[in-house]
Amino acid sequence: MCIRVHLWLNTLKFMAEENQNQQPAPNPERKTLDDRAKMTELERIRHSCAHVLATAILRLWPDAQFAYGPPVENGFYYDLECSHRISPDDFEKIEAEMKKEIKANNPFEKLTVTREQAIADASSGRLGGLGERPGNASKFKLDLLTQIPEGEAISYYKNGDFIDLCAGPHVMRTGNIGAFKLTSVAAAYYKGDEKGPQLQRIYGTAFKNKTALDEYFKMVEEAKRRDHRKIGAEMGLFAIDTEYVGPGMPLWLPKGTCLVEELEKLAKETEFAAGYVRVRTPHLAREKMYKTSGHLPYYADSMFPPISVMEEEDKKRSAFLASQLGAKGNALSIANENDPGSEKTFALSEEVRQLRGEFETVGTRYYLKAMNCPHHHRIFAAEPRSYRDLPLRLAEYGTCYRYEQSGELFGLMRVRSLNMNDAHIYCTEAQFAEEFRAVNDMYLKYFKIFGLEKYQMRFSTHSAEGLGKKYVNEPELWKKTEDMVRKVLIESGINYVEVPNEAAFYGPKIDVQVWSAIGREFTIATNQVDFAVPAKFGLTYRDRDNSEKTPLCIHRAPLGTHERFIGFLIEHYAGNFPLWLAPDQVRVITIGSEDDPASEALVKYAKEIVQQLRAEQVRVSTDFGSNPIKAKIQDAEQLRVHTMLVIGGRDMDAGVVSVRLHGKGPQGAKPKAEAVAAILAEIKERRA
RNA sequence: GCCAGUUUAGCUCAGUGGUAGAGCAACGGUUUUGUAAACCGUCGGUCGUCGGUUCAAAUCCGACAACUGGCUCCA
């Protein structure tokens, strides 16, 4: 999938901003007054708590300058600049000051002022302060004032001595903040701009009362237990060996590989039924590939550096360059233009400089692929194509490598080596709507299998201003494809949000957003329309009228990547996978030890059922040891073995097995054949 | 990459300048069983790495690495 367009977009965005002659940058966090009026009571409490936090911080460190302090999903934050570096050790002190302000039960007073008055107060340091602060103007508030549209009322909120530029709304009095707690500090860029100043962000949370606050922290603890990194270690699913393999490059342990392979099996079956064909491509490609696709140079930062090899033609070129340099009296070993001493002696001519530059970089560069689409495009190009071949659906679980920044790595959710459930569908314009609908149906089919209910479809479209800059300059194609996509979404009755100006440079896209156990948002799957890149590779097909045409391309990855999808599934199921996915599907446990001659017949009986299940590809383990049955059950439960078949003398005599399900306790006895059939059916149907 | 924090046995964690600890796991025995822990014993650590302070460093200081929570970015 060609998804890494943001770097490029940001570059363009930045350039565009530069050209705007210091116009104030738009503030993405700014809420309209209408939005604000809709704030819930809890949001008011949290927003008010942010003001109380600022009040407390100013009492401790009066030079602090505040930027934004909004309520967020689980609490609030306030961004500030301060000579003191605030650490969690300071929280107790800050919270004590906050409690004083809450106990004082000061009213939140709203004051409406003129723009001139506001600018004067910000200049004197009064806004976001406890009093005037000569020489310490409220610089962020001054900037925020420039973003309030002419004609919109400008208001302050005042609690005690603290006055903040704020449109509200707030609770009536500080005492209305029932219970709060500061949770963490972080760095945050002003207005989310990486190139802007970096502020300290203090996070906290607040609730109506102590009970609700305690419940929240209990929920957070519960979420931590579901964390895929924790469960992954407990269950032996994957390991990240940073010392020998590298950060962000998970090793799939045998049990994790069960999950990987079950997902691949599901994908292969589903795609086969939907008319896809499978392909396989190498992990590397020459530089030319990514120059042609347009990924270089914009994505170079997120790709592993290239491997340079001297192929025959490179060796010849190198020898030729060396001889040219030699002929010009510039033996490579002597002049070093970076050495000021030698520069005096050898003023390098432009020609020699160029020769030297080429000599130093001659070689063929191979990149580890960060996406599969260019390889698939070359498969399309490998044979002449007719309209009769379309739609051509090329599928591959492609292995990609991305050099993600170290701070962005996160368990399985964000990694540097990844396996994508990728496919590219090449089709005609007339076929597009049906193909796109079929892809959407496939998404929904998968989501049903996994019982995925909490997700959001995000439809990203272009913006007219971005045409020819952020987006390929094909206004009619944009409109046409976006209309087609929108129509499919509406007709399929899918709930979605439309996000303008977030499309890929080559076309609109639909992302599926989900949330990790600890509440972090991820794109789990994506579906993109591409009407630009196939042309860059000169891909064509021969149409019915003998004309050459460029196909449309749909990039789709409904199961995302193994890494992220499995990370998500681990948390979704809290490690308690349905039988078809469970790494430990069945364990046969005897009441009686194989070391005990008295249990010989029993163990033989148990082994029969093990053989029957294994013959049907069921993952079965055994526990015929001498531990007490309670201990054996506990071992299996802790391993999250899906189905336990407990066999004692009574079962053998009746020709049955006692079934126990993980987390659900004993389910009673069943005839042996019936138990086996039930297990096989449940796996085959991929029952939830 | 940026800010803050963390790093002690396979895992969870004690240990604030003076001889590295516990529980679980693993391993060896004993025990021979009816649905979430039978008993006894053994093994296991250059306290993330490197450097500094000190008579003495897991402990104090510095650099680096990895991880965690955020920011930016993203499947």
Side-chain angles (χ1 to χ4, degrees), chain A residues 1 3-7 9-10 77 79 85-90 183-190 192-196 198-203 224 227 229-230 233-234 236 240-243 246-248 301-302 370-371 400 402 404-415 418-422 511-514 518 520-526 528 555 557-565 567-568 589-599 602 625-638 644 646-651 658-663 665-667 669:
Chain A
M1 309 296 302
I3 300 154
R4 305 199 56 90
V5 292
H6 277 84
L7 272 177
L9 300 188
N10 275 349
Y77 66 78
D79 283 349
R85 279 229 175 283
I86 295 169
S87 94
D89 295 339
D90 297 318
T183 50
S184 65
V185 288
Y189 301 104
Y190 184 52
D193 179 3
E194 209 179 346
K195 294 173 190 76
Q198 195 170 49
L199 307 174
Q200 301 189 61
R201 175 172 293 181
I202 315 293
Y203 277 94
K224 279 186 191 159
D227 191 311
R229 293 163 298 186
K230 192 171 163 59
E234 280 168 16
I240 297 180
D241 181 346
T242 54
E243 192 181 355
D301 282 351
S302 354
M371 63 290 295
C400 297
R402 294 179 179 180
E404 303 289 357
Q405 295 184 63
S406 58
E408 290 165 350
L409 300 175
F410 177 65
L412 285 180
M413 300 297 208
R414 190 76 179 274
V415 293
L418 41 119
N419 288 271
M420 243 188 286
N421 171 229
D422 215 351
D511 290 326
V512 183
Q513 303 303 110
V514 296
I518 55 172
R520 209 185 284 194
E521 183 177 342
F522 284 98
T523 301
I524 195 82
T526 182
Q528 313 181 352
H555 308 232
L559 298 178
T561 65
H562 278 323
E563 288 71 18
R564 187 171 290 178
F565 204 81
F568 171 77
I589 298 168
T590 51
I591 306 173
S593 164
E594 61 185 339
D595 301 328
D596 181 3
S599 300
L602 182 68
S626 67
N627 274 339
I629 185 64
K630 276 175 177 272
K632 293 187 190 182
I633 293 291
Q634 171 149 317
D635 285 348
E637 287 283 357
Q638 282 178 344
M644 287 151 270
V646 180
I647 299 175
R650 296 205 299 259
D651 302 291
S658 294
V659 179
R660 181 188 170 106
L661 297 179
H662 169 59
Q667 306 289 306

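In what follows, chains are A, B, ... by sequence order, proteins preceding strands, each numbered from 1. All values below come from the heavy atoms of this structure, side chains included, with hydrogens, waters and symmetry mates left out.
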Presence of A/Arg229 side-chain N/O under 4.0 Å of B/U68 phosphate oxygens OP1/OP2:
yes
Out of B/A36, B/G70, B/G34, minimum distance to the side chain of A/His662 belongs to B/A36
Taking atom P in both B/C55 and B/G41, compute the distance separating them and give it to the nearest angstrom.
44 Å
Opposite nucleotide pairing with B/G5, Watson-Crick or G-U, both atom distances under 3.5 Å:
B/C67
Rounded to the nearest 0.5 Å, the CG atom of A/Asn421 sits from the OG1 atom of A/Thr526 at a distance of 11.5 Å
Rounded to whole Å, please give me the gap between CG in A/Leu409 and P in B/C67.
6 Å
If I pick the C1' atom on B/U19 and the same atom on B/C47, what distance separates them, to the nearest angstrom?
15 Å
Expressed in whole Å, how much space separates the C1' atoms belonging to B/U6 and B/C13?
14 Å
Quick one: list whatever passes salt bridge (charged side-chain N to carboxylate O under 4.0 Å, His left out) with A/Glu594, sequence neighbours left out.
none
Per A/Ile629 side chain, nearest of listed nucleotides B/U33, B/G70, B/A36:
B/U33
Rounded interatomic separation in angstrom, taking NZ from A/Lys224 and C1' from B/U6:
13 Å
Carboxylate-amine/guanidinium contact A/Glu637 A/Arg660, below 4.0 Å
yes
Name all residues meeting the side chain to side chain contact (heavy atoms under 4.5 Å, CB included) criterion together with A/Ser184; count only those two or more places apart in sequence or in a different chain, and write none if there are none.
A/Tyr203
Taking only side-chain N and O atoms of A/Tyr77, does any of them lie within less than 4.0 angstrom of OP1 or OP2 on B/C71?
no
When rounded to whole Å, the CE to C1' distance for the pair A/Met644 and B/G34 reads 14 Å
If we call it a pair only when both distances are under 3.5 Å in a Watson-Crick or G-U wobble match, what pairs with B/A14?
none
Whole-Å distance, A/Gln405 CD to B/C73 P, equals 10 Å
Can you sort out the partners of A/Asn627 under side-chain hydrogen bond (donor to acceptor under 3.5 Å, both in side chains), two or more places apart, ordered by chain and number?
none
When we call it a touch if two heavy atoms are under 4.0 Å apart, what does A/Gly567 touch: a base, just sugar-phosphate, or nothing?
nothing
How far, in whole Å, is B/U30 from B/G34 if one measures between their C1' atoms?
22 Å
Set of residues satisfying side-chain hydrogen bond (donor to acceptor under 3.5 Å, both in side chains) with respect to A/Thr183, sequence neighbours excluded:
none
Whole-Å distance, A/Met413 CE to B/U68 C1', equals 15 Å
The criterion is side chain to side chain contact (heavy atoms under 4.5 Å, CB included); which residues satisfy it with A/Ser406, sequence neighbours excluded?
A/Arg416
Is A/Gly649 touching bases, backbone alone, or none of the nucleic acid, heavy atoms closer than 4.0 Å?
base
In the structure shown, which nucleotide is the Watson-Crick or G-U wobble counterpart of B/G28, with both distances under 3.5 Å?
B/C40
Please report the C-alpha distance between A/Arg414 and A/Glu563 in whole Å, then the side-chain angles of each, then the deciding distance to 0.1 Å, and finally whether the side chain to side chain contact (heavy atoms under 4.5 Å, CB included) criterion is met.
CA-CA 8 Å; A/Arg414 190 76 179 274; A/Glu563 288 71 18; over 6 Å; no
Check whether the side chains of A/Ser626 and A/Asp595 place a donor and an acceptor atom closer than 3.5 Å, and report yes or no.
no
Using the C1' atom as the point on both nucleotides, what is the distance between B/U59 and B/C43, in whole Å?
28 Å
Phosphate OP1/OP2 of B/C73: any A/Arg402 side-chain N/O under 4.0 Å:
no
Roughly how many Å is it from CZ in A/Arg564 to C1' in B/C73, rounded to a whole number?
11 Å
Rounded distance in Å between the P positions of B/C60 and B/G45
25 Å
Whole angstrom value for the distance that separates C1' of B/U12 from NZ of A/Lys230:
8 Å
Under-4.0 Å side-chain N/O to phosphate OP1/OP2 contact, A/Lys630 with B/U35:
no
Spacing of the P atoms in B/C11 and B/G48 (rounded, Å)
13 Å
Distance in angstrom units between A/Arg201 CZ and B/G70 C1', rounded:
8 Å
Distances for protein N or O near nucleotides 2-5 of chain B N or O, under 3.5 Å:
unit_1: B/C2; atom_1: O2'; unit_2: A/Gln198; atom_2: OE1; d: 2.0
unit_1: B/C2; atom_1: O2'; unit_2: A/Gln198; atom_2: NE2; d: 2.3
unit_1: B/C2; atom_1: O2; unit_2: A/Gln198; atom_2: NE2; d: 3.4
unit_1: B/C3; atom_1: O2; unit_2: A/Ala187; atom_2: N; d: 3.3
unit_1: B/A4; atom_1: OP1; unit_2: A/Arg85; atom_2: NE; d: 3.1

How would you list, by chain and number, every residue that makes a side chain to side chain contact (heavy atoms under 4.5 Å, CB included) with A/Lys630, sequence neighbours excluded?
none
Non-neighbouring partners of A/Pro628 that pass side chain to side chain contact (heavy atoms under 4.5 Å, CB included), sequence neighbours left out:
A/Ala631
Report, one pair per line, the protein and nucleotides 22-31 of chain B atoms (nitrogen or oxygen only) whose separation is under 3.5 Å.
unit_1: B/U31; atom_1: N3; unit_2: A/Ser626; atom_2: OG; d: 3.3
unit_1: B/U31; atom_1: O4; unit_2: A/Ser626; atom_2: OG; d: 2.7

Considering only the C1' atoms, how many Å lie between B/C2 and B/U8, rounded to the nearest integer?
29 Å
